[in-house]
Amino acid sequence: MNEPARRPDTVASMTDHRPDSDDLLAGDDPARPRDWWLYAKSVAVCGAVILVTAPLLHVLEPSNIVMLLLLAVVFSALRYGRGPAVLAAFVSVAAFDFFDVAPRFTFAVSDVQYLVTFVVMLIVALVIGQLTAGLTYQARVATRREDRVRALYELSRDLAAALMPEQIVEIGTRMLQAEFEARAVFMLLDDDDRLVVPAAAGVDAGLANWALAHAEAAGQGTGTQPASAMLHVPLKAPVRVRGVVALALRNPQRLKVPEQRRLLDTFASLLAIALERIHYVDVAQKTTVQMESERLRNALLGAISHDLRTPLAALAGMADSLQLTAPPLAPAHAEIAQALREAAVRMNALVNNLLDMARLESGRIALNLQWQPLEEVVGSALRSLGALFAGRHPIKVALPPDLPLLRFDAVLIERVLANLLENAAKYTHAGSAISVGAAATRDSVEVWVADEGPGLPPGREALIFEKFERGRKESATPGVGLGLAICRAIVVAHGGGIRGETLPEGGARFVFTLPRAEPPRIDEPVDDTDNAGMEAIE
Amino acid sequence: MSASEAPGKVLVVEDEAEIRRFIRLSLQAESLDVSEAEGVQRGLIEAGTRRPDLVVLDLGLPDGDGIDFIRGLRTWSEIPIIVLSARTMEADKIAALDAGADDYLVKPFGTGELLARVRAQLRRHPRASADAASVLEFGDVRIDLVHRTVERAGAALHLTPIEYRLLTHLASHPNRVLTHPQLLRAVWGPSHSEDTHYVRIYMGHLRAKLEADPSQPQHLITELGVGYRFVP
């Protein structure tokens with residue numbers, strides 16, 4: 001009976017153990033030639049007992065020699081494992097028969113009673129050997145398991161203290177080296193969620209990305225390119241895969257053992273969870289900083305807007321009330337008062353533009369989105385500019401009656417319209433018409449403001465939407481070139497677009513789009529009492 | 001039409017001295033009797049002792065919110081309140097109007113605008129008690145509240161029940177800014193106070209039926225982001 005390598009399974013089933021024990025194989029496998037050495041040693045132990053007892057044959061009872069041989073079997077079981085113990089059991093029975101039972105140096109037996117001794121001796125030797133080997137084996141398994149738990153504990157303890165991804169990489173590299181004798185290369189995600197693949201020997205960027213995308217190990221020993229030099233294990237965290245670790249194992253066979261494989265997976269997820277934790281700590285920190293700077297900016301904007309607007313409002317108002325004084329101002333003075341007021345109002349518009357731009361630029365403008373008809377904002381924009389147009393520009397409004405409801409921030413879209421209308425008035429001659437129109441397309445509504453002026457400067461149609469850009473540089477027309485930039489920022493925030501064009505028949509046209517969506521349903525309440533009454537009278 | 005036929009007392013509650021001064025100058029030019037206060041507490045005391053016919057109120061005051069003033073005043077008085085606010089503060093305007101303010105002005109405003117609003121409020125108010133008018137007229141539109149009919153240029157006009165209710169509610173509050181939630185509560189009932197698009201759609205219908213140019217209305221005016229104002 002010499003079946004060297006398959007011990008563990010038998011023991012496992014015998015001792016009713018989970019195949020946990022498999023990992024002992026890993027240690028033994030490379031030392032296969034040593035197995036024979038173990039068998040030889042167990043035979044040698046039996047031989048030594050025979051040798052030592054040979055001169056004492058006349059002193060010792062054969063039963064005591066049996067006892068010593070049993071001791072040799074137990075020793076073999078303890079030191080060399082189950083197989084050598086079995087061999088020792090047979091060898092000791094045979095040797096006892098051959099050397100110690102008369103007639104000596106033959107396997108023949110004169111006293112038949114010795115047959116009973118042989119059988120019992122063999123059975124006892126086998127059983128004791130088995131039990132002893134089993135116990136030793138279990139003790140080793142327990143030690144292994146303890147080692148594993150300790151390794152995991154150390155890993156999680158170290159990871160808990162880590163504050164930077166670099167620390168995690170360092171800890172992971174060290175622990176993987178200690179536990180798996182593996183050279184580890186970590187690949188983490190950058191800010192754009194791309195894997196950073198270092199130029200390390202054996203690392204396969206393609207495999208690493210595959211492992212990342214599929215959240216599955218790839219490379220050496222797996223189903224994907226098993227011939228590759230390294231094993232690429234994804235670092236799977238609860239939310240997503242946080243990176244890939246490539247392992248160059250000194251002994252790739254090790255991972256054939258499920259228990260080792262599981263340990264590696266546990267290592268990988270511990271590392272991944274630590275990476276994820278740090279990622280979210282980072283996110284939380286950035287958010288806090290951002291909120292703080294947002295708060296500061298808003299406070300600043302609020303203060304500026306209040307401190308600038310209040311004196312402007314007072315200035316405009318007082319210039320206005322100059323004209324109410326008694327006795328009335330001389331015409332020249334009245335004109336100055338009027339100019340004062342206009343300057344203050346213009347200044348105010350400028351401050352508004354700057355503050356609006358600052359608010360829009362801050363990125364997180366909260367749109368007050370409501371379902372509403374376009375007609376209302378058009379009306380409101382025209383009304384707010386009433387004084388500017390009165391008697392100067394005839395306004396043509398062409399809104400199709402079947403325009404769908406749109407979802408937008410009325411105040412901001414009015415601002416877009418007002419800016420466009422104001423521009424049109426600014427760059428055209430008195431008396432030329434300005435038209436406002438809209439048309440629905442399949443997935444958006446186009447709104448335009450067109451004038452009969454000189455049109456846009458050729459080649460600058462896109463540029464005029466940039467901040468501080470003006471159609472004509474040296475122009476006497478007031479403004480700093482924020483109007484269109486604000487328009488674009490607002491329209492883009494709504495998910496639309498804006499463009500300017502010169503019409504073939506002359507004049508400029510600015511078109512912006514607002515996305516269409518399914519408007520909410522309108523329930524007409526069912527009470528026809530009023531209606532009935534009215535109908536009756538009509 | 002001017003203050004001569006209805007001279008009134010106006011209380012200005014505003015913390016900025018320059019703005020207060022220009023408001024006072026403008027109102028005094030209309031021979032209105034102007035008193036001033038710098039904060040909420042002072043304003044409420046002034047309002048209690050001087051019994052003004054109108055209050056002009058700034059929303060940002062040093063010792064509290066203008067809305068506190070409105071709530072305080074509304075516990076015992078129905079006099080009109082005109083609120084002054086910054087341009088982008090739609091939520092503040094709505095809150096002030098819902099608390100009981102009647103109208104608002106966005107800074108900076110001219111004397112012309114201010115006086116027009118003040119006159120409109122002073123004119124409107126004495127009539128509010130005698131609210132028994134059975135016929136409302138504006139432009140070429142005539143609403144007969146008793147017979148529930150609406151005519152435009154002498155021709156009968158068909159309105160749905162909702163349109164009729166919305167119109168009469170607006171028409172019975174002339175020159176007053178009514179917020180979307182206020183209109184929803186009055187016309188649709190309390191369960192619809194979130195569906196502001198209802199008001200907008202029906203307002204569009206009303207304009208189409210009553211206004212000469214619905215995109216440039218003369219009577220049913222949009223106060224963008226806030227609500228509507230009916231101008232007779």
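The structure displayed is predicted, hence computed values, not measured ones.
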*With sequence neighbours excluded, tell me which residues meet side-chain contact (heavy atoms from CB on, under 4.5 Å) with A:L315.*
A:A344
*Pull out the residues in residues 15-22 of chain B that come under 4.5 Å of chain A, heavy atom to heavy atom, sorted by number.*
B:E16, B:E18, B:I19, B:R21, B:F22
*Decide side chain to side chain contact (heavy atoms under 4.5 Å, CB included) for B:Y228 and B:V177; before the verdict, give the C-alpha distance in whole Å, the side-chain angles of both, and the deciding distance to 0.1 Å.*
CA-CA 6 Å; B:Y228 296 96; B:V177 179; over 6 Å; no
*Sequence neighbours left out, what passes salt bridge (charged side-chain N to carboxylate O under 4.0 Å, His left out) with B:D103? Give chain and number order.*
B:R117, B:R229
*asked:* Exactly one of B:L54, B:L27, B:I82 should register a side chain to side chain contact (heavy atoms under 4.5 Å, CB included) with B:V12. Which one does?
replied: B:L27
*Could you label the plane-to-plane angle of the B:H173 and B:H169 rings as parallel, tilted or perpendicular, counting under 30° as parallel and over 60° as perpendicular?*
tilted
*Could you tell me whether B:E223 and B:K93 make a salt bridge, using a distance below 4.0 angstrom between a side-chain N and a carboxylate O?*
no
_Top contributor to chain A interface from B:G112, B:G110, B:G225 [non-hydrogen pairs under 4.5 Å]_ = B:G110
*Please say whether more than 12 non-hydrogen atoms of neighbouring residues, nucleotides or ligands are located less than 6.0 Å from CD in B:Q28.*
yes
*Sequence neighbours left out, what passes salt bridge (charged side-chain N to carboxylate O under 4.0 Å, His left out) with A:D320? Give chain and number order.*
A:R341
*asked:* Using heavy-atom distances under 4.5 Å, tell me whether A:L405 contacts chain B through its side chain, its backbone, both, or neither.
replied: side chain
_Looking at chain A, which one of B:P214, B:A29, B:A208 has the largest number of heavy-atom pairs inside 4.5 Å, strictly under?_
B:P214
*Looking at A:A381, A:S380, A:A319, A:P311, which one has more heavy-atom pairs under 4.5 Å with chain B than the rest?*
A:S380
_Heavy-atom pairs under 4.5 Å with chain B - which of A:S384, A:A410, A:P401 has more of them than the others?_
A:A410
*Examine whether an atom of A:T310 lies under 4.5 Å from a heavy atom of chain B, and if so say whether it belongs to the side chain, the backbone or both; otherwise answer neither.*
both
*Contact part of B:I23 toward chain A, heavy-atom cut-off under 4.5 Å: side chain, backbone, both or neither?*
neither
_Contact class of A:V436 relative to chain B, heavy atoms under 4.5 angstrom_ = neither
*Contact part of A:N368 toward chain B, heavy-atom cut-off under 4.5 Å: side chain, backbone, both or neither?*
neither
_Flag if over 12 foreign heavy atoms under 6.0 Å of CD, B:E113_ = yes
*Do NZ/NE/NH1/NH2 and the carboxylate oxygens of B:R42 and B:D63 come within less than 4.0 Å?*
no
